[in-house]
Amino acid sequence: MYEFKEEYVTGIEQIDREHRRLFEIANELYALKCEEFIPDKYDNIRHILEELRDYTFTHFEHEEAYMKSVGYKKMFTQVTQHNALRETIGSWDLDAIDENQDEAIEEMLRLITDWLVNHILSEDKQIGK
Ligand SMILES: [Fe+2]
Ligand SMILES: [Fe+2]
């Protein structure tokens, strides 16, 4: 469902590896959400949603450290965009996901993956150039 495509490759090994991992986590979450035969899967789903959030934060830190180390010129735009997503996903109240759980989780997944795709294509790809 959430697929890392060749067009997302930046050419920076660590960044690409982390981007791939983010899509993997998103997929694990989606697969678990679609699983019909596991009763009470919401603890697991929440656990992966937390992992997706935390890994996104870790990735931003690594990416910002890398940009700093190479004196990347458009770092300000990057950090501004990273901060916007940090704020959005940092404000998620996972305890509040009790009604329409499937929709809430799908919405969060969609937000992160749409954001990532746009950000990778418009910003992250320029770091490797
Ligand atoms: Fe970035
Ligand atoms: Fe990135």
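Counting starts at 1 for both ligands and their atoms, in listed order.
With hydrogens and angles left out, the side-chain atoms of Asp16 and Thr10 include a donor and acceptor closer than 3.5 Å. Between His82 and Gln78, the side chains place a donor N or O and an acceptor N or O closer than 3.5 Å (distance only, hydrogens not considered).
Inclusion of Asp124 in the first shell of the Fe ion (ligand 2) is supported: an N, O or S atom falls under 2.8 Å. Note on His119: not counted as a metal contact of the Fe ion (ligand 2), no N/O/S atom lying under 2.8 Å. The distance from the Fe ion (ligand 2) to the nearest N/O/S atom of Glu18 is not under 2.8 Å.
Rounding to the nearest 10°, we obtain 80° for the angle at the Fe ion (ligand 1) between His82 NE2 and Gln78 OE1.
Two rings, from Phe23 and Tyr8, have their centers less than 6.0 Å apart. In summary, the aromatic rings of Trp115 and Tyr2 are positioned with their centroids too far apart to meet the 6.0 Å limit.
Restricting Glu63 to its N, O or S atoms, the one at the least distance from the Fe ion (ligand 1) is OE1. For His59, the N, O or S atom closest to the Fe ion (ligand 2) goes by the atom name NE2.
Ion pairing between a basic and an acidic side chain is recognised when a charged N comes within 4.0 Å of a carboxylate O; Lys74 and Glu123 show such pairing.
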